[in-house]
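What you are looking at is a predicted structure, and each value in this text was computed from that prediction instead of being measured. Both ligands and their constituent atoms are indexed starting at 1 by order of listing.
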Amino acid sequence: TLTQKVAVVTGSTSGIGLGIARALAGAGADVVLNGFGEVGAIEELRAGLAAEFGVRVGYHGADLSKPSEIAALIAHAEETFGSVDVLVNNAGIQHVAPVEDFPAERWDAVIALNLSAVFHGIHHALPGMKRRGWGRILNIASVHGHVASVNKAAYVAAKHGVVGLTKTVALETAGTGITCNAICPGWVLTPLVQKQIDAIASSKNIPEPQARAELLGAKQPSGAFVTPDELGGLAVFLCSDSAAQMTGASLLMDGGWTAQ
Ligand code: NAD
């Protein structure tokens, strides 16, 4: 179990990050939440997790597109909870447009959050992990770290970058008690994907359930969404002793998307 371990999960006020934060808390870890949202709702989430699992749960509202705030998030976790033993780099955004229409400002924003923030988080958390001789770094990449889709230039570039960064950090930490792996989900029904479903529904003028089925049907052979709980289970496994020799891997959980 992860009792006495502290996990920082970025972008954990929603979606996959929240599922992973819940699973780590369920395994006994103290958790520092991060992400945007309404103050009252975040406090409810924080207190709810602490009560449900009997662990310490904190929150830091760092904007991970800003390197100085990432430093502050890691420092806050170390100061308030004593360490960062598990770092889950999850916060991410999407922008969908053909490359010639892709706004340069959106390119910069996606790269800053989906790729550079992963570097900055690791950069700041690694010294403490090395001192303690134990650490787990989980980078939430995507199937788009392995394959591409049209109209997702920045996202695909960032996620391929995350898979490469994961391998480099795995090599640099090999033999230290620290592992670094990437988790690569297919479609998960979160607000990030709901926006894409809504865009299909409105551009094709079809009902939302049909747009949802089209989105899944185009890529994911299982015909079902991966769930945040399932990804939480994988995260807990990667933090376990059984996964001590698993490092530099990028693990697909994609309903068969990349088997095609
Ligand atoms: P989501 O929109 O539900 O959640 C994103 C989280 O990140 C939220 O908590 C949000 O507040 C936070 N966030 C956004 N911008 C931030 C910023 N600048 N600083 C700090 N936090 C910020 O999205 P999700 O679908 O759960 O995505 C989580 C991760 O999983 C992303 O990296 C995404 O690329 C990846 N992913 C998602 C899917 C999917 O199908 N949903 C598939 C593969 C990979």
Donor on one side chain, acceptor on other, Thr166 and Asn139, under 3.5 Å: yes
Residue pair His95, Phe102: steps toward the ring pair (Phe, Tyr, Trp, His ring centres under 6.0 Å) verdict: CA-CA 8 Å; His95 187 79; Phe102 212 96; 5.1 Å; yes
Counterpart residues, side chain to side chain contact (heavy atoms under 4.5 Å, CB included), relative to Glu214 (two or more places apart): Ile200, Lys204, Ile206, Gln210
For Ser83, side chain to side chain contact (heavy atoms under 4.5 Å, CB included) partners two or more places apart: Val6, Asp85, Arg132
Selection residues 12-30 - residue pairs positive for salt bridge (charged side-chain N to carboxylate O under 4.0 Å, His left out), sequence neighbours left out: Arg22-Glu52, Asp30-Arg56
Mutual orientation of the aromatic rings belonging to His144 and Trp257 [parallel < 30°, tilted 30-60°, perpendicular > 60°]: perpendicular
Residues in contact with ligand 1, criterion: heavy atom under 4.0 Å: Gly11, Ser12, Thr13, Ser14, Gly15, Ile16, Asn34, Gly35, Phe36, Ala62, Asp63, Leu64, Ser65, Asn90, Ala91, Gly92, Leu113, Ile140, Ala141, Ser142, Tyr155, Lys159, Pro185, Gly186, Trp187, Val188, Thr190, Pro191, Leu192, Val193
